[in-house]
Amino acid sequence: MGNFARPAITRSLRTAAAGAAFILLLSGCGGSAGADDAETNEIRVIQSNKHDPTELGAEAGDFLDIWPSCDPQMKVSVTSGEKTAEAVAAGSADIGITSPNRVIGAISQGLDASIIGASMSVFDEYLVVRPDSTAKSFADLKGKTFAISSFGSAGDYATQKLAQQAGWADTDFKKVTMGSLDGIQAGLKSGTVDAFLWGGHAAFGLEQAGSAKVLENVRELIGPNAMTVVFASNKIIKERPEDVKAFAECYYKASGRIMDDESLATKMMVDDWGMDPKLAARIIKEEIPMSSRDGKLTEDQLKGILEATHFTIKSAASLTLDDVKKIYKPWQEL
């Protein structure tokens, strides 16, 4: 595989059946931060992947020790794990960072939370093919087999969206569910699949290892959207709005410093994260600039997020743009 840190999870979304389990979890969850936490201004953060360039600000804030510059009393603890929405619902975290569809789907199933800003405000996935492929773009893959991690994943959405834009019928391409990135890589090696869509961190690592070839980023083809967002429980927003604002201020300040200083970004990714220097250099050049400096989401981006949510979470089919606008509470306005 080569020396690169692989994202721990896919960005697949919960099904309606999982939604029922999520509601049960909500009914038994505990409270948010207690009085002692509030007195020390502790903010407990969970992000879906560790060392993920699309979820930059929290780990960058830790690396830079930036939190006291926004609030001298602030203490931020950062963990990672797939179940970000569940952690916020259970009161074990105050703020989460993950894909917007995952958040909106959880809110539609009972999570009492709001999106307060984008982390990466573009749909940052890459088209990846076998090393010996002669394809130059998505259009060259008509009739081919695409791997997806699961139905309803970000890669599934992107594959279907691009096929529709290309005017392909359902019979013009095939999708095969491969589960993990390891499964997809095995499919590429065996020739079972021809291509897939994934985030740059893993895509670049596979190409560097000689296991795949990266053709193009699909952000322009997908259109306005967001890869990851920051969300907070409505409890902490209501009880401690100034703490949430202070956290968000430093979150985006930290992202901006990493975006603006290549040597600082390299030090964080190579020395602190343990990333291969060549891989870090490519991520710094191609992915880090896509991070958000202020978290703002436009109406067009909210429309794109709604479309992705409708595709990936069938139980959220009735959600409207007005519903999404209500879920989005910009941190600057808290």
Side-chain angles (χ1 to χ4, degrees), residues 25-26 29-52 54-98 100 102-103 106-107 111-121 228-261 264 268 272-273 291-297 327-334:
L25 181 152
L26 286 175
C29 70
S32 184
D36 291 342
D37 293 336
E39 289 172 4
T40 60
N41 293 346
E42 181 179 12
I43 299 287
R44 299 162 303 165
V45 181
I46 182 168
Q47 56 190 52
S48 57
N49 291 292
K50 187 176 183 180
H51 302 340
D52 187 342
T54 76
E55 303 175 7
L56 185 63
E59 287 186 275
D62 274 357
F63 174 74
L64 298 169
D65 193 23
I66 204 169
W67 311 114
S69 70
C70 297
D71 183 342
Q73 303 302 315
M74 182 180 293
K75 176 184 177 183
V76 176
S77 59
V78 182
T79 59
S80 60
E82 179 180 358
K83 298 182 178 180
T84 55
E86 289 87 341
V88 172
S92 59
D94 305 302
I95 288 175
I97 309 161
T98 190
R102 191 178 293 244
V103 180
I107 290 173
L111 174 65
D112 188 21
S114 300
I115 292 172
I116 62 171
S119 182
M120 181 171 279
S121 51
T228 48
V229 294
V230 183
F231 68 103
S233 73
N234 284 330
K235 178 178 175 64
I236 195 171
I237 289 174
K238 180 180 179 180
E239 296 179 355
R240 300 165 57 198
E242 292 306 317
D243 291 346
V244 177
K245 289 176 71 173
F247 165 80
E249 178 188 351
C250 264
Y251 184 94
Y252 294 108
K253 185 185 294 186
S255 294
R257 284 187 60 185
I258 295 298
M259 292 165 73
D260 293 336
D261 190 330
L264 196 61
M268 182 182 76
D272 194 53
W273 292 9
S291 295
S292 178
R293 292 179 180 273
D294 58 15
K296 292 181 179 178
L297 287 164
I327 290 170
Y328 172 46
K329 297 178 181 177
W331 67 270
Q332 298 93 333
E333 300 175 12
L334 297 180

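Annotation: side chain of Val244 is in contact with side chain of Ile116 (closest heavy-atom distance under 4.5 Å). Taking the side chain as every heavy atom from C-beta outward, Ile95 and Val230 approach each other to under 4.5 Å. Looking at heavy atoms from C-beta onward, Ile46 lies out of side-chain contact with Thr98 at the 4.5 angstrom threshold. Using a 4.5 Å heavy-atom threshold, the side chains of Met268 and Leu56 count as touching.
We find that Lys235 and Glu239 are joined by a salt bridge, their nearest charged nitrogen and carboxylate oxygen being less than 4.0 Å apart.
Checked against Glu55 for a side chain to side chain contact (heavy atoms under 4.5 Å, CB included), the options Val45, Thr228, Val78 give a single hit: Thr228.
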Taking it one step at a time, do Glu42 and Ser77 satisfy side-chain contact (heavy atoms from CB on, under 4.5 Å)?
CA-CA 8 Å; Glu42 181 179 12; Ser77 59; 3.7 Å; yes
Show your working on side-chain contact (heavy atoms from CB on, under 4.5 Å) between Trp273 and Phe63 and close with a plain yes or no.
CA-CA 10 Å; Trp273 292 9; Phe63 174 74; 5.9 Å; no
For the pair Leu334 and Lys329, evaluate side-chain contact (heavy atoms from CB on, under 4.5 Å) and give the outcome as yes or no after the intermediate values.
CA-CA 7 Å; Leu334 297 180; Lys329 297 178 181 177; 4.2 Å; yes
In sequence, state the C-alpha distance, the side-chain angles, and the governing distance for Met120 and Asp52, and then conclude on side-chain contact (heavy atoms from CB on, under 4.5 Å).
CA-CA 11 Å; Met120 181 171 279; Asp52 187 342; over 6 Å; no
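Side-chain polar atoms of Asp294 and Trp331 form no donor-acceptor pair below 3.5 angstrom. Checked by atom type, the side-chain pair Thr84/Gln47 shows no donor-acceptor distance below 3.5 Å. Side chains of Ser119 and Tyr251: a donor on one and an acceptor on the other come within 3.5 Å. Residues Asn234 and Ser114 have side chains that bring a donor and an acceptor to within less than 3.5 angstrom of each other.
Within the model, atoms CD of Glu333 and NZ of Lys245 stand 9.0 Å from one another, a figure rounded to the nearest 0.5 Å. How far NZ of Lys50 is from OG1 of Thr79: 10.5 Å, rounded to the nearest 0.5 Å. Note that the CD atom of Glu59 and the OG atom of Ser80 stand 7.0 Å from one another [nearest 0.5 Å]. Atoms CG and CG, on Leu264 and Leu64 in that order, are 5.0 Å from each other to the nearest 0.5 Å. To the nearest 0.5 Å, atom CD1 of residue Ile43 and atom SG of residue Cys250 are 11.5 Å apart.
Distance alone, capped at 3.5 Å, is enough to place a donor-acceptor pair between the Ser92 side chain and the Ala87 backbone. Under the 3.5 Å distance criterion, the side-chain polar atoms of Tyr328 are left unmatched by any main-chain donor or acceptor of Gly117.
Taking Pro68 as the reference, Asp65 meet the side chain to side chain contact (heavy atoms under 4.5 Å, CB included) condition, with sequence neighbours excluded. Applying the ring pair (Phe, Tyr, Trp, His ring centres under 6.0 Å) rule to Phe231 yields no partners; only residues at least two apart in sequence or on another chain are considered. Legend: residues meeting side chain to side chain contact (heavy atoms under 4.5 Å, CB included) with Asp71, ordered by chain and number and at least two apart, are Asn41, Gln73, Met74, Asp243, Ala246. For Lys253, the side chain to side chain contact (heavy atoms under 4.5 Å, CB included) partners are Ile66, Ser69, Cys70, Glu249, not counting sequence neighbours. With sequence neighbours excluded, no residue forms a side chain to side chain contact (heavy atoms under 4.5 Å, CB included) with Lys238. With sequence neighbours excluded, the residues satisfying salt bridge (charged side-chain N to carboxylate O under 4.0 Å, His left out) with Asp260 are Arg293.
For the residue pair Gly295 and Ser292, the shortest heavy atom distance occurs at N-OG, 2.7 Å.
Within a 6.0 Å sphere centred on NZ of Lys296, other residues, nucleotides and ligands contribute 12 heavy atoms or fewer.
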